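What you see below is based on every heavy atom in this structure, not just the backbone, and it leaves out hydrogens, waters and symmetry mates. No experiment lies behind these values; they were computed from the predicted model shown.
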Amino acid sequence: MEQRPMQKLLLMGPGGAGKTCMRSIIFDNYLPRDALRLGITISLDQSQVHILRNLFLNLWDCGGQHRYVTEYLNRQKEYIFRHVGVMLFVFDINSMSRADSAAAAGESTCTDWKLPEMLQYFTSAMQHLRQYSPQAKVFVLLHKTDLINKEVRSQIINNRKEEILKAINSDGSDIQFFGTSIWSDSLYLAYSAVVRSLVPHRDILLDVVRNIAKACDAVEVAMYERSTFLCLAHISRQGKEVVEAASTGELRTTEVSEIIKHFKLSCMNNTTTMNGMSVVNNLFTALIHPFTECTYVLVVSDNPSLSVDLHQLNVHAARRNFGQFLDSENPIAAAMREVL
């Protein structure tokens with residue numbers, strides 16, 4: 001198969017924000033406690049990530065020390081910002097708060113990035129990105145939210161988001177924001193959105209999971225990428241309506257991402273592989289089953305009269321129909337074949 005052109009994924013942010021750590025958890029199968037032992041990124045670290053069947057990410061992890069950032073934004077700006085498909089800009093939200101409060105009190109902080117410098121870095125990066133890669137998608141991760149008190153976490157995230165948008169004079173319509181932590185499934189929620197943005201005609205995947213939900217009388221169905229277990233599509237049933245899930249539904253599904261990813265790692269450590277699993281009790285039936293060669297589906301039903309075997313038959317039928325579509329001459333199928 002001819003390799004599809006790579007999607008350039010630019011990972012930027014001030015030093016110590018946690019960029020390399022999160023990348024290692026999502027793409028390199030690190031556990032959070034192990035990722036914390038990684039050293040800082042020196043200058044620019046380029047690597048190739050292969051997900052789905054034929055989607056290649058050219059991941060540029062940009063070191064966040066001042067001397068490197070100055071190079072990115074000046075002498076190397078065209079080299080760094082040209083041909084970008086996605087830019088992830090990571091702020092350490094805890095450092096932003098410390099820098100802000102310390103500046104007001106005239107104190108020093110444990111980070112060498114002051115809040116105005118962080119905002120200026122992002123502002124300059126956005127300017128160069130819009131000049132050299134105007135079609136690039138932008139995601140801002142307000143990272144290390146676990147260090148913020150739960151009672152004020154949402155408010156602080158909203159305040160920082162407003163500050164960032166004010167700095168670039170934007171209404172935020174072209175930027176997706178996420179509060180993230182390596183200690184929760186929020187990281188999977190953010191990176192699932194990134195990967196979904198790179199899948200062509202994702203509405204077809206939504207149709208697939210919607211049809212599975214109807215066939216299985218399921219309350220939720222989700223489709224996951226096989227290696228990272230990032231969520232590609234997710235629907236839930238609200239009454240008689242089957243709709244694309246939002247907020248709480250997505251968080252619940254990314255909890256499954258985190259749990260299954262850890263389970264897969266345990267299998268690998270014991271030289272076994274995970275081919276699927278099911279959970280059955282008097283409240284629900286859940287099935288995780290291979291779909292295509294690069295995806296799994298999750299089917300959750302609250303109807304105790306429906307068996308796991310019946311769900312498997314419906315998944316097999318949906319897989320056969322989807323395979324026939326991908327093999328067709330339909331131009332949409334041709335575009336999806338490049339990835340799936």
Could you check whether any side-chain heavy atom of Lys161 comes within less than 4.5 Å of a side-chain heavy atom of Val140, counting everything from C-beta outward? no
Carefully, step by step, assess Asn159 and Gln155 under the rule side-chain hydrogen bond (donor to acceptor under 3.5 Å, both in side chains). CA-CA 6 Å; Asn159 290 345; Gln155 184 59 49; 2.8 Å; yes
A side-chain contact here means heavy atoms from C-beta on lying under 4.5 Å apart; do Leu142 and Ile164 qualify? yes
Same apolar cluster: Leu44 and Val69, side chain cutoff 4.5 Å: yes
Calculate, to the nearest 0.5 Å, the distance between atoms NE2 and CE belonging to His234 and Met223 respectively. 12.5 Å
Scan side-chain atoms only and decide if Glu162 and Asn158 contain a donor-acceptor pair under the 3.5 Å cut-off. no
Under the criterion side chain to side chain contact (heavy atoms under 4.5 Å, CB included), I'd like the reasoning laid out for Asn54 against Val339: C-alpha separation, chi angles, the key distance, then a yes or no. CA-CA 5 Å; Asn54 200 33; Val339 172; 5.9 Å; no
Rounded distance (nearest 0.5 Å) linking atom OH of Tyr30 with atom CZ of Arg23: 8.5 Å
Taking all non-hydrogen atoms of both residues, which atom of Leu73 and which atom of Tyr121 are closest, and how far apart? CD1-CD1, 3.9 Å
Decide yes or no for Thr180 and Leu189: does some side-chain heavy atom of the first lie under 4.5 Å from some side-chain heavy atom of the second? no
Between the side chain of Arg196 and the main-chain N/O of Arg202, is any donor-acceptor distance below 3.5 Å? no
So, using salt bridge (charged side-chain N to carboxylate O under 4.0 Å, His left out) as the criterion, who are the partners of Asp28 when residues are at least two apart? none
Minimal heavy-atom distance between Ala193 and Gln176, with the atoms involved, is CB-OE1, 4.1 Å
Is the backbone of Leu310 close enough, under 3.5 Å, to the side chain of Asn314 for a donor and an acceptor to pair up by distance? yes
Test His143 against Ile93 for side chain to side chain contact (heavy atoms under 4.5 Å, CB included), laying out the working first. CA-CA 6 Å; His143 197 45; Ile93 190 170; over 6 Å; no
Looking only at the side chains, is there a donor atom on one of Asn303 and Ser305 sitting less than 3.5 Å from an acceptor on the other? yes
Side chains of Leu11 and Leu59 in contact at under 4.5 Å (non-hydrogen atoms): yes
Verify the cluster assignment for Leu306 and Val209: are they in a single hydrophobic cluster under the rule of side-chain heavy atoms below 4.5 Å apart? no
Quick one: do Ile259 and Val280 end up in the same hydrophobic cluster if we chain Ile, Leu, Val, Met, Phe, Trp and Tyr together by side-chain heavy atoms under 4.5 Å apart? no
Over all atoms of both residues, closest heavy-atom pair of Tyr132 and Lys77: OH-CE, 3.8 Å
Is Lys19 salt-bridged to Asp61, going by a charged N under 4.0 Å from an acidic O? no
Shortest non-hydrogen contact from Pro14 toward Val90: CD-O, 3.3 Å
His66 side chain vs Asp112 backbone, donor-acceptor pair below 3.5 Å: yes
Could you give all pairs that pass the side-chain hydrogen bond (donor to acceptor under 3.5 Å, both in side chains) test and reach residues 164-173, with sequence neighbours left out? Asp171-Ser173
Between Trp113 and Phe91 (judged by ring centroids, cut-off 6.0 Å), do the two rings come close enough to count as a pair? no
Measuring from atom CG of Asn211 to atom CZ of Phe322, what distance do you get when rounded to the nearest 0.5 angstrom? 11.5 Å
Identified side chain to side chain contact (heavy atoms under 4.5 Å, CB included) partner of Tyr224 from the options Leu232, Leu230, Leu298, Thr295: Leu298
Treating Asn281 as the side-chain partner and Phe284 as the backbone partner, does any N or O pair qualify as donor plus acceptor under 3.5 Å? yes
Of the options Tyr79, Phe81, Tyr72, which is the one that meets Trp60 in a ring pair (Phe, Tyr, Trp, His ring centres under 6.0 Å)? Tyr79
Should Phe27 and Leu198 be counted in the same cluster of Ile, Leu, Val, Met, Phe, Trp and Tyr side chains packed under 4.5 Å apart? yes
Could you tell me which non-hydrogen atom of Met87 sits nearest to which non-hydrogen atom of Val84, and how far apart they are? N-CG1, 4.1 Å
Rounded to the nearest 0.5 Å, what separates atom CG in Asp146 from atom CZ in Arg153? 7.0 Å
Side-chain heavy-atom pair Val308, Gln312 within 4.5 angstrom cut-off: yes
Out of curiosity, Lys137 NZ to Leu129 CG, how far, rounded to the nearest 0.5 Å? 11.5 Å
So, the side chain of Gln65 versus the backbone of Arg67: is there a donor-acceptor pair under 3.5 Å, distance only? no
My understanding is that only residues two or more places apart in sequence, or in another chain, count here; which of them pass salt bridge (charged side-chain N to carboxylate O under 4.0 Å, His left out) with Asp302? Arg237
If you link ILVMFWY side chains whenever their heavy atoms are less than 4.5 Å apart, which other residues fall into the same cluster as Leu313? By chain and number, please. none
Is the distance between the ring centroids of His311 and His289 less than 6.0 Å? no
Short side-chain to backbone donor-acceptor contact, Lys144 and Ile182, under 3.5 Å: no
Going by the rule salt bridge (charged side-chain N to carboxylate O under 4.0 Å, His left out), which residues pair with Asp174 if we only count those two or more places apart in sequence or in a different chain? Arg130
First locate atom CD of Glu220, then atom CD1 of Ile235, and finally report the distance between them rounded to the nearest 0.5 Å. 8.0 Å
Qualifying residues under side chain to side chain donor-acceptor pair (under 3.5 Å), relative to Ser124, sequence neighbours excluded: Gln120
Check the pair Tyr296, Ile260 against side chain to side chain contact (heavy atoms under 4.5 Å, CB included), reporting the backbone distance first and the verdict last. CA-CA 11 Å; Tyr296 283 92; Ile260 298 301; over 6 Å; no
Are side-chain heavy atoms of Val300 and Val221 found at a separation under 4.5 Å? no
Taking all heavy atoms of Leu340 and all of Arg53, pick out the closest pair and write down the distance. O-CD, 3.2 Å
Would you check if Val86 and Ser197 make a side-chain contact, meaning some heavy-atom pair closer than 4.5 Å? yes
Under 6.0 Å between ring centres: does that hold for Phe89 and Phe139? no
Using the rule given for side chain to side chain contact (heavy atoms under 4.5 Å, CB included), can you reason through Val195 versus Thr228, listing the C-alpha separation, both sets of side-chain angles and the distance that settles it, and then say yes or no? CA-CA 10 Å; Val195 172; Thr228 60; 5.7 Å; no
Would the distance check show the side chain of Glu117 and the main-chain N or O of Lys114 forming a donor-acceptor pair, the cut-off being under 3.5 Å? yes
Any non-hydrogen side-chain atom of Leu10 less than 4.5 Å from a side-chain atom of Leu88? no
Could you verify whether a donor N or O on one side chain and an acceptor N or O on the other, from Ser133 and Gln135, lie under 3.5 Å apart? no
Within the supplied structure, the quantity of interest is the number of heavy atoms (other residues, nucleotides, ligands) at a distance under 6.0 Å from Gln324 CD; does it exceed 12? yes
